[in-house]
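What follows is one structure encoded as structure tokens, with my remarks underneath.
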Amino acid sequence: MKAGVPRGLRQVVCLRLGNLSCRWASGTQPKASKSGLEEKQRKDRVKWRQLEHRGPYFAPAYEPLPEEVQFCYDGKPVKLSLAAEEVATFYGKMLDHEYTTKEVFQNNFFNDWQKEMTVEERCLIKHLDKCDFTEIHRHFIDKAAAWRALPREEKQKLKEEAEKLEQEFGYCILDGHREKIGNFKMEPPGLFCGRGDHPKMGMLKRRIRPEDVIINCSRDSKIPEPPAGHQWKEVRSDNTVTWLAAWTENVQNSIKYIMLNPSSKLKGEKDWQKYETARRLKGVVNEIRSQYRADWKSLDMKKSQRGVALYFIDKLALRTGNEKEESRTADTVGCCSLRVEHVRLHRHANGHQHVVELDFLGKDSVRYHNCVPVEKPVFWNLQLFMANKDPGDKLFDKLTTSSLNKHLQDSMDGLTAKVFRTYNASTIFQEQLQVLTRAEDSTAAKILAYNRANRAVAIYCNHQRAAPKTFEKSVRNLQTKIQAKKIQIAEAQEELRKAEVDHRIKGDGKSKRILEKKQRLLQKLEEQLGHLSTQAIDKEENKHVALGTSKLNYLDPRISIAWYINLSWGPCGRPGLFCDKDVPDQMSLMLSSMPQVLPPLSFGMVWGGTSNGLEHEGQVAAQPTGSRR
DNA sequence: TTGGGGACTTGCTATGAAATAA
DNA sequence: TTATTTCATAGCAAGTCCCCAA
């Protein structure tokens, strides 16, 4: 990249560029769609002509425990059969994990474990609380420690073997291009770790054999060889799908796939299309917003519920909320599946009128808790929807996700509820970058601005994380550094003062040089302090916010690039150059010539969306709170 | 119209490599 | 050189949305 660009700033955007350059660069991106029809045609057309790969890499066979590692039952050592021992190691490995303290996990594990036992073992081992897995647990801890302690050469050797494996199994040929596969290693057997209060947690995920796997490749390609002595469940050639191999997992009875890496042309094109669809939404979003406002007044409950639900989806980034099988998954909801018990209405709260309090577990059992002032008709409608219902009843009982999406399709081809998340996320990101960035700021301040814009989106999407384990310690370390820097600055100030006096007395060239040197030192130290302080703020603000998901899935990379280039090379002298129509071609040109010449562009025209009216600064203060339950 | 399966995207955590500081 | 921190990504769970059959 071009020299002279502040290093830190480059780093923060390189994260996006790196992602983008492999996903969209090399001229692989499709042209921007001219119409919804074209997009549909592209979606429906045959996806590939040639697909060749080596098939999945299977997990190594179970390696029995050494003789000295014993499992004990009721205080006595018991030599388990191989199958039972293997499942016991799954539990033993997890002994220090919270999962093994949960009753559901324990019961499911024990139930499935018993199925793997011999008749004699089943007669003997009746209660989990009499099982002692501590030696097994210690064995795996020691094994991990031994691995860490391996000499550098040994580790290097293992690394080279892994690389060789990746070269062999980790790539496929798709229409003449060598593409990276996302997950070429078959998932090893283990215990199912569902999130939240998942009723199936602890169940045995059984080992997948070649006989369970369907291979997808082109007819004329070299069919992957199954491991010796085995055969595939099926070999097919379906060029309307993108997966290379598929199998059904036993816990949830769902299909799992081997697919391409996000860096592949195929995934990159889909990613591109996603953002183009979201950008098309800006052309109709005002109309949709007017429509859902009009629907609030409708006497038809279907319409008024749909209007309020769309308002939530648009304003609060709620997920669509498909129906789920109650007894087989954790109890999580989205917009359409909200229940009365998830909503509380406050006529006055926190100095606002018509406040809606939403409190529910969303995707991955992450808690969404938000008190948000809403428009008056929304408030009264909600009151109506909740009237005469039990807490466990559906809030939007006349609404389904399919009817909602069908309605959206009428407004725009390809529009579904989840497009609003992408659209609003990227719009907020661009707006926040504009608001928070000043050209005259230091690099550290610009990085902070970038991260804050990213954070505004992550908060909007309720992307949370558990605070890193080392968080408190690293904050302390940073504070120590700040204090040390302050002391250094005080000393430098004192030395500068002395140098000034010395120069005033002597007035010669040497004392002048010393004075200038001290001034430079002080300036440098103050800059370093500024950088450290900014880092501390950034770290603290980011304690519970996960930036990665929005960065990867919701923020159009072109916004980052436009911002970065604008800050590095100044605003565009040719307004209108980067107008919507030209975005893909401009990006293509820009990326292909990234190291040499970068065309000017006008930041602010990449998306140029219409805000959803949410006060993002305000929402940061009243952000959804809570964590996984 | 509905329910379920299939295909795909989104999301969080753990881990290990690379970068950075001491 | 070593310790610590940061960052990318592997791993896999859990969503969304489309399609098809009953």
Side-chain angles (χ1 to χ4, degrees), chain A residues 7 11-12 14-15 18-19 43-44 47 97 144 147-148 155 159 162 166 170 180-188 190 192-196 198 200-201 205 214 216 238 240-243 246 248-249 251-257 259-263 266-267 270-271 274 319-325 328-330 332-337 361-366 400-406 408-409 414-419 421-422 425 458 461-466 468-471 473-475 477-478 480-481 484 532 535 538-539 542 546-554 627-628:
Chain A
R7 194 154 149 266
Q11 277 169 347
V12 74
C14 270
L15 204 122
N19 207 356
K43 206 163 127 187
D44 291 343
K47 289 191 173 78
H97 203 287
W147 190 90
R148 280 195 299 274
K155 277 189 180 167
K159 201 178 155 190
E166 189 177 329
K180 201 170 176 197
I181 299 171
N183 54 328
F184 66 90
K185 285 182 187 164
M186 198 51 89
E187 290 175 24
F192 175 74
C193 296
R195 293 164 194 165
H198 200 294
K200 295 191 171 187
M201 63 166 75
K205 260 173 47 165
I214 302 171
N216 193 30
D238 183 354
T240 66
V241 296
T242 64
W243 51 266
T248 304
E249 58 89 33
V251 176
Q252 313 214 71
N253 201 34
S254 66
I255 308 171
K256 293 207 165 186
Y257 304 93
M259 289 201 185
L260 294 172
N261 188 273
S263 65
L266 198 79
K267 290 278 186 193
K270 290 212 162 203
D271 205 34
K274 176 182 75 184
R319 292 186 190 83
T320 326
N322 286 320
E323 289 298 325
K324 296 169 64 185
E325 286 180 89
R328 292 164 62 177
T329 54
T332 62
V333 295
C335 185
C336 294
S337 50
L361 294 185
K363 183 177 178 181
D364 292 314
S365 295
V366 172
T400 65
T401 53
S402 65
S403 70
L404 183 72
N405 281 336
K406 212 169 170 191
L408 290 172
Q409 298 276 346
L415 181 61
T416 61
K418 89 182 177 84
V419 178
R421 260 168 94 86
T422 313
C461 293
N462 198 36
H463 290 149
Q464 299 185 27
R465 65 166 182 177
K469 283 171 194 157
T470 55
F471 185 82
K473 192 181 157 216
S474 70
V475 165
N477 288 351
L478 202 50
T480 310
K481 280 185 199 168
L532 286 171
Q535 262 187 324
D538 205 16
K539 192 183 273 285
N542 229 31
L547 301 184
T549 303
S550 51
K551 202 173 275 182
L552 206 58
N553 299 302
Y554 290 104
S627 55
R628 195 177 285 184

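Note that these values count all heavy atoms, side chains included, but never hydrogens, waters or copies made by symmetry. In what follows, chains are A, B, ... by sequence order, proteins preceding strands, each numbered from 1. As the structure is a prediction and not an experimental result, all values here were calculated from the model.
- No hydrogens or angles considered: a donor-acceptor pair under 3.5 Å links the side chains of A/Lys324 and A/Thr332.
- Nearest to the side chain of A/Arg195, among C/dG15, C/dA13, C/dC17, sits C/dA13.
- Of the listed nucleotides (C/dC12, C/dA14, B/dC8), C/dC12 has the atom at the smallest distance from the side chain of A/Lys205.
- Taking the side chain of A/Trp243 as heavy atoms from C-beta on, and the options B/dA7, C/dA13, C/dC18, the nearest nucleotide is B/dA7.
- Across all strands, A/Pro188 comes closer than 4.0 Å only to sugar-phosphate atoms, never to a base (heavy-atom distances).
- In summary, the side chains of A/Glu249 and A/Ser254 do present a donor paired with an acceptor at a separation below 3.5 Å, with no hydrogens or angles considered.
- Heavy-atom nearest nucleotides on DNA chain B were determined for A/Ala466 and for A/Lys155, and the one closer to the 5' end corresponds to A/Ala466.
- A straight line from CG of A/Asn322 to P of B/dG4 spans 13 Å, rounded to a whole angstrom.
- Atom NE2 in A/His198 sits about 16 Å away from atom P in C/dC12, given to the nearest Å.
- Comparing B/dC8, B/dC12, C/dA10 against the side chain of A/Asn261 picks out C/dA10 as the nearest.
- Taking the side chain of A/Lys180 as heavy atoms from C-beta on, and the options C/dC18, C/dA10, C/dA13, the nearest nucleotide is C/dA10.
- The existence of a salt bridge linking A/Lys256 and A/Glu187 is confirmed by a sub-4.0 Å separation between a basic side-chain nitrogen and an acidic carboxylate oxygen.
- If you take CZ of A/Arg319 and P of B/dT10, they are 11 Å apart, rounded to a whole angstrom.
- A/Asn322 and A/Thr401 share a donor-acceptor pair across their side chains, judged by distance under 3.5 Å alone.
- The side chain of A/Lys267 contributes no N or O atom lying less than 4.0 Å from OP1 or OP2 of B/dC8.
- The shortest distance between the side-chain N/O atoms of A/Lys324 and the OP1/OP2 oxygens of C/dT16 is not below 4.0 Å.
- Closest to the side chain of A/Thr416, out of C/dC18, C/dA13, C/dT5, is C/dC18.
- Where A/Glu166 and A/Leu478 each meet DNA chain C at their nearest nucleotide, the meeting point lying more 5' is that of A/Leu478.
- At a cut-off of 3.5 angstrom, the base of B/dT10 holds at least one donor-acceptor pair with the side chain of A/Lys363.
- Which of B/dG11, B/dT13, C/dT5 sits closest to the side chain of A/Asp364 comes down to B/dG11.
- Using the six-membered ring where Trp is involved, A/Phe192 and A/His198 have ring planes that are perpendicular, over 60° apart on the 30 and 60° scheme.
- Between B/dC12, C/dC12, B/dC8, one nucleotide has an atom nearer to the side chain of A/Lys256 than all others, and that is C/dC12.
- Residue A/Thr332 is in sugar-phosphate contact alone, with no base atom involved, counting any heavy-atom pair closer than 4.0 Å across all strands shown.
- Residue contacts shown for A/Gln252 are limited to sugar-phosphate atoms, with no base heavy atom under 4.0 Å away.
- The nucleotide whose nearest atom lies closest to any side-chain atom of A/Val241 is, among B/dA7, B/dT9, B/dG11, B/dA7.
- Closest to the side chain of A/Asn405, out of C/dA14, C/dC17, B/dG6, is C/dC17.
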